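Have a look at the structure below, then the notes.
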Number of protein chains: 2
Amino acid sequence: MQIEARRHVATAARKQAILEGALACFAELGVEATTIDDIRRRADASVGSIYHHFGSKEGVAAALYLEGIRDYQAGLAAAVEKARNARAAVRAIVLFHLDWAMQNTALARYLLEMRRAETTKSVDEEIRDANRDVFQRLAKRLEVFVARGDIADLPRELYAPLIVGPTQEVVRAWLTGRINVDLRKLRDSLAEAAWKSLQTGQQTT
Amino acid sequence: MQIEARRHVATAARKQAILEGALACFAELGVEATTIDDIRRRADASVGSIYHHFGSKEGVAAALYLEGIRDYQAGLAAAVEKARNARAAVRAIVLFHLDWAMQNTALARYLLEMRRAETTKSVDEEIRDANRDVFQRLAKRLEVFVARGDIADLPRELYAPLIVGPTQEVVRAWLTGRINVDLRKLRDSLAEAAWKSLQTGQQTT
DNA sequence: ACGCTACTAGAATAGTATTCTAGAATCAAA
DNA sequence: TTTGATTCTAGAATACTATTCTAGTAGCGT
């Protein structure tokens, strides 16, 4: 009902506005350089409001991070779901990674910048939870492919790095402006290379 | 002669002490959380001294970054130099990357944390210069291998990501404590996978 | 209508990076 | 060896920014 919603709607909107303002600032100035006041101005909110909702600058950063991760993971899961075999799955992951970065440049840049700093405990746990959900599902599909001999049987820690590592490195370079190509031109090569790296090797010394 | 050196030696020592103190603090508390005062105490220096030599906290960070990059690059160049063929070169890069991270944990963790933030212009240029030197040399060797057909002919931007991307991702996970294996056990798999990803593909649809 | 709670605002506080001023140590030149 | 310049060190003063605090305001259920 619209009765119970009035305030909630307003405050949810404000919360979102703060996040969006923060993202804009972070993308433009970098996280460390943006001040609470920058965010306040951009989101047209008050200091009190920001602190009420997020507790600290780091809290804002953490919430934004979580939002980004969630969006990424949801998209990734959906993309992989559709794949009918190992090769298609690997390809889907690589392509999705590239596409997501291209379509969410600001957010991607931000996630990249934050990827290190352990955020607040609570948020950190939420992230861990989200990760568990998505990655356990992926891991299960993987096991099937391994058992079937579609891809090599490697230490489990290696699959994610092998599949997205190179792509991630390219995206990083692109986001930071170190390279300036059209990422779409690299899609096929990256997908193909990831797939090759997972094949069981017939030693070509 | 020892005549001209007295002060220079002393101040060089102090500079180094500041860098070492900073690294210790950064590794222990994270870059953002360490204060100038932390560094001052640890290095047994004064605020004035730090600012005289480095200009700002960011200046300290940048100098440290540069030092780390230089050490890494020098080692990398040396390691690749010895390789006699394409396969050995790829393997050398992967192994060196792993070994360096294991032997310079604090520095590696720091470089990882900094890898984003554009530092001061001047330092940034120095880094670019250093990169050019090392990477142009590597690029030349690469071209030979490509011409000879030892490795696939791909967009040039892809070689570095394909060779070190997965390894870099593993190292990152290890440094941040996300995984907890003995990296040495992954050496061969990573080297092998990198090599496979560079082979020209006989499509195995 | 009334109290309660969630929310907003902005002033006050606290903590940290940076600047400034003064002085000490070294050096090169006469 | 003295002198003036220069580099370096010190720590106090300043300026900026995150955070806390106090005082409201407005929706909501009763």
Side-chain angles (χ1 to χ4, degrees), chain A residues 1-22 25-26 28-65 114 117-123, chain B residues 1-22 25-26 28-65 114 117-123:
Chain A
M1 0 227 114
Q2 71 274 59
I3 298 169
E4 56 89 18
R6 205 81 139 289
R7 169 154 77 190
H8 295 151
V9 163
T11 87
R14 167 133 304 169
K15 241 179 130 167
Q16 197 55 35
I18 293 172
L19 286 180
E20 277 163 23
C25 292
F26 290 166
E28 197 170 297
L29 312 167
V31 178
E32 186 160 351
T34 80
T35 77
I36 291 287
D37 214 58
D38 290 334
I39 299 176
R40 188 189 59 66
R41 265 197 303 272
R42 194 104 176 200
D44 210 13
S46 72
V47 188
S49 209
I50 296 175
Y51 276 83
H52 174 72
H53 287 300
F54 300 102
S56 68
K57 180 176 164 183
E58 192 187 319
V60 178
L64 199 53
Y65 187 81
M114 280 293 94
E118 44 253 45
T119 52
T120 330
K121 276 271 163 18
S122 70
V123 173
Chain B
M1 311 138 219
Q2 71 274 59
I3 299 170
E4 56 89 16
R6 208 68 146 295
R7 170 154 77 188
H8 295 152
V9 163
T11 89
R14 165 132 307 167
K15 243 179 129 168
Q16 196 56 34
I18 292 171
L19 285 180
E20 278 162 23
C25 292
F26 289 166
E28 197 170 297
L29 312 167
V31 178
E32 186 160 352
T34 79
T35 76
I36 291 287
D37 213 59
D38 290 334
I39 299 176
R40 189 189 58 66
R41 265 197 303 274
R42 194 102 175 203
D44 210 13
S46 72
V47 187
S49 208
I50 295 175
Y51 276 83
H52 174 72
H53 287 299
F54 300 102
S56 68
K57 181 176 162 184
E58 191 186 317
V60 178
L64 198 53
Y65 188 81
M114 281 295 93
E118 45 252 46
T119 52
T120 329
K121 277 270 165 12
S122 69
V123 173

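Values in this document were obtained by computation on a predicted structure and should not be read as measured data.
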*Spacing of B:K57 atom NZ and B:T34 atom OG1 [to the nearest 0.5 Å]*: 4.5 Å
*To the nearest Å, give me how far apart CZ (B:F54) and C1' (D:dT9) are.*
14 Å
_Please evaluate residues A:R14 and A:H52 with respect to the criterion side chain to side chain contact (heavy atoms under 4.5 Å, CB included), reporting the C-alpha separation (whole Å), side-chain torsions for both, the decisive distance (0.1 Å), and the verdict._
CA-CA 11 Å; A:R14 167 133 304 169; A:H52 174 72; over 6 Å; no
*Choosing from D:dT7, C:dC7, D:dA18, which nucleotide comes nearest the side chain of A:H53?*
C:dC7
*Any side-chain heavy-atom pair from B:I50 and B:V47 closer than 4.5 angstrom?*
no
*Verify the contact: side-chain N or O of B:R14 to OP1 or OP2 of D:dA10, cut-off strictly under 4.0 Å; return yes or no.*
yes
*When rounded to the nearest 0.5 angstrom, what distance separates CD1 in A:I18 from OG1 in A:T11?*
9.5 Å
*Closest heavy-atom contact between A:A43 and A:A17?*
CB-O, 3.6 Å
_Testing the basics here: between B:A63 and B:F54, what is the closest heavy-atom pair and its distance to 0.1 Å?_
CB-CE2, 3.7 Å
*Take atom CD of A:E32 and atom P of D:dT17, then tell me their distance rounded to the nearest Å.*
12 Å
_Taking the minimum atom-to-atom distance to the side chain of B:T35, which one of C:dA17, D:dT9, C:dT8 wins?_
C:dA17
*Grab the CG-C1' distance between B:D44 and D:dG11 for me, whole Å please.*
14 Å
*asked:* Walk along nucleotides 19-24 of chain D from 5' to 3' and tag each nucleotide B, S or - by protein heavy-atom contact under 4.0 Å, base first, then sugar-phosphate.
replied: BB----
_Can you list everything that forms a salt bridge (Lys or Arg N to Asp or Glu O under 4.0 Å) with B:D44? Sequence neighbours excluded, please._
none
*Can you tell me how far C1' of C:dA25 sits from NE2 of B:H52, to the nearest Å?*
12 Å
*asked:* In whole Å, I'd like the distance from the CD1 atom of A:I50 to the P atom of D:dT17.
replied: 14 Å
_Rounded to whole Å, how long is the line connecting atom CG of B:D38 with atom P of C:dG15?_
14 Å
*Distance, rounded to the nearest Å, where A:D37 contributes CG and C:dA11 contributes C1'*: 13 Å
*asked:* Is there a side-chain contact between B:S46 and the phosphate of D:dG11, meaning an N or O under 4.0 Å from OP1 or OP2?
replied: no
